[in-house]
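We count ligands from 1, going down the list as the structure has it; atoms in each ligand are counted the same way.
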Amino acid sequence: MTTQPSSAVAADVMIRLRGLTKHYQMGHSLVKALDGVELEIRRAEFLSITGASGSGKSTMMHILGCLDRPTTGTYELNGEMVSSLSDRKLAIVRNRQIGFVFQTFNLINRTTALDNVAVPLIYARQSNTRAAARAALDRVGLAQRARHRSSELSGGERQRVAIARAIVNNPVLLLADEPTGNLDTVTGEQIMGIFHELHRSGVTIVLVTHEPDIAAQAQRIIRMRDGKIIDDNPVPHP
Ligand code: ADP
Ligand code: MG
């Protein structure tokens with residue numbers, strides 16, 4: 001491995017979290033869901049986040065996805081201090097730069113795969129949404145299911161539709177919170193295959209998972225406990 005000058009390293013950073021906290025007041029007690037997170041993620045990196053239930057993984061993903069804001073600390077994405085943007089500007093960042101995939105797919109049930117995938121395009125007020133939605137379905141190998149309602153699809157197919165929806169705006173950052181958690185092993189591997197392909201095309205991927213085999217497919221694994229990052233290791237790949 002070669003060492004790079006610090007300026008080159010800095011230019012390569014896509015995400016920078018500094019002193020990040022997220023606190024919830026629950027009656028008389030304060031829950032520190034995030035408790036001083038420092039993290040940098042490089043452009044086109046593939047990162048896994050692991051840790052016990054309640055360690056703060058989803059809270060961190062919601063902040064990375066601009067779905068929520070930190071209590072204190074800063075979040076810089078692509079050189080922009082997103083932690084201090086207005087709600088309206090934050091929504092634009094989310095729509096243009098970020099795709100989100102959830103464990104429970106979160107599709108609209110009685111709506112076709114094609115229309116589900118087109119939702120972010122409608123928010124972005126784009127024309128010709130059908131063609132773009134069809135292309136995204138094609139990328140996840142589901143073009144032939146475009147007219148099926150999501151209730152008519154298997155779990156793996158639903159997750160592929162959800163991934164197509166997440167990538168339809170060509171995001172630079174794809175966030176996936178336990179995306180294989182509700183799927184059998186073989187189907188989970190198919191989903192991972194799609195993530196690897198997106199990663200090869202240059203998308204930065206952050207994946208939360210409980211499963212060691214899934215986590216080890218990334219380039220780097222961080223482990224969380226009690227709202228803090230307690231481990232941060234590269235994954236050796238042959
Ligand atoms: P993980 O995804 O690792 O299971 P979470 O980020 O969901 O963990 O939760 C971290 C901690 O913050 C937990 O103790 C959880 O109960 C708490 N928490 C998360 N969201 C909220 C909320 N909206 N209100 C109160 N407490 C919350
Ligand atoms: Mg979670």
Point to revise | Winner among Val208, Thr59, Leu34 once heavy atoms are compared against atom 9 (O) of ligand 1 | key: Thr59
Review point. Atom 23 (N) of ligand 1: which protein heavy atom is closest, and how many Å away?
Key: Tyr24 CE2, 3.5 Å
Review point. How are the rings of His62 and Phe100 set relative to one another: parallel (under 30°), tilted (30 to 60°) or perpendicular (over 60°)?
Key: parallel
Point to revise | Ion pair check, Asp87 and Arg94, cut-off under 4.0 Å | key: no
Check your understanding: Can you list the atoms of ligand 1 that are under 4.0 Å from a heavy atom of Met26?
Key -> 25 (C)
Review point. Are any of the side-chain heavy atoms of Thr50 and Met224 separated by less than 4.5 Å?
Key: no
Review point. Is ligand 1 less than 4.0 angstrom away from at least one heavy atom of Gly227?
Key: no
Review point. Which ligand 1 atoms are under 4.0 Å away from a heavy-atom of Ser58?
Key: 1 (P), 2 (O), 6 (O), 7 (O)
Review point. Has Ser53 got any heavy atom lying under 4.0 angstrom from an atom of ligand 1?
Key: yes
Practice item. Evaluate the criterion salt bridge (Lys or Arg N to Asp or Glu O under 4.0 Å) for residue pair Asp226 and Lys32; output intermediate values, then yes/no. Key: CA-CA 8 Å; Asp226 299 333; Lys32 296 182 175 179; over 6 Å; no
Check your understanding: Between Asp12 and Arg43, is the closest basic N to carboxylate O distance under 4.0 Å?
Key -> no
Check your understanding: Who's the nearest protein heavy-atom neighbour of atom 17 (C) of ligand 1, and how far?
Key -> Val31 CG1, 3.8 Å
Practice item. Look up atom 20 (N) of ligand 1 and tell me if a protein heavy atom lies less than 4.0 Å from it? Key: yes
Check your understanding: Looking at Ala52, which atoms of ligand 1 are within less than 4.0 Å of one of its heavy atoms?
Key -> 3 (O)
Point to revise | CG-CD distance between Asp213 and Glu189, expressed to the nearest 0.5 angstrom | key: 7.5 Å
Review point. Salt bridge check: are Glu40 and Arg18 linked by an N-O gap of less than 4.0 Å?
Key: yes
Review point. Any N or O of Ala33 that comes nearer than 3.5 Å to an N or O of ligand 1?
Key: no
Practice item. Give the residue, atom name and distance (to 0.1 Å) of the protein heavy atom nearest atom 8 (O) of ligand 1. Key: Gly56 N, 3.2 Å
**Study point:** Chi angles and distances behind the side chain to side chain contact (heavy atoms under 4.5 Å, CB included) call for Glu178, Leu207
**Key:** CA-CA 7 Å; Glu178 312 219 20; Leu207 172 92; over 6 Å; no
Exercise for review: Please determine if the Mg ion (ligand 2) has an N/O/S atom from Gln103 lying under 2.8 Å away.
Suggested key: no
**Study point:** Met224 and ligand 1 - part of the residue with a heavy-atom distance under 4.0 Å
**Key:** neither
Point to revise | Thr180-Glu211 side chain donor-acceptor pair, cut-off 3.5 Å | key: yes
**Study point:** Identity and separation of the nearest protein heavy atom to atom 3 (O) of ligand 1
**Key:** Lys57 NZ, 2.8 Å
Check your understanding: So, Gln103 versus Asp177: side-chain donor-acceptor pair below 3.5 Å or not?
Key -> no
Review point. Between Gly54 and ligand 1, does any nitrogen or oxygen pair lie at a separation below 3.5 Å?
Key: yes
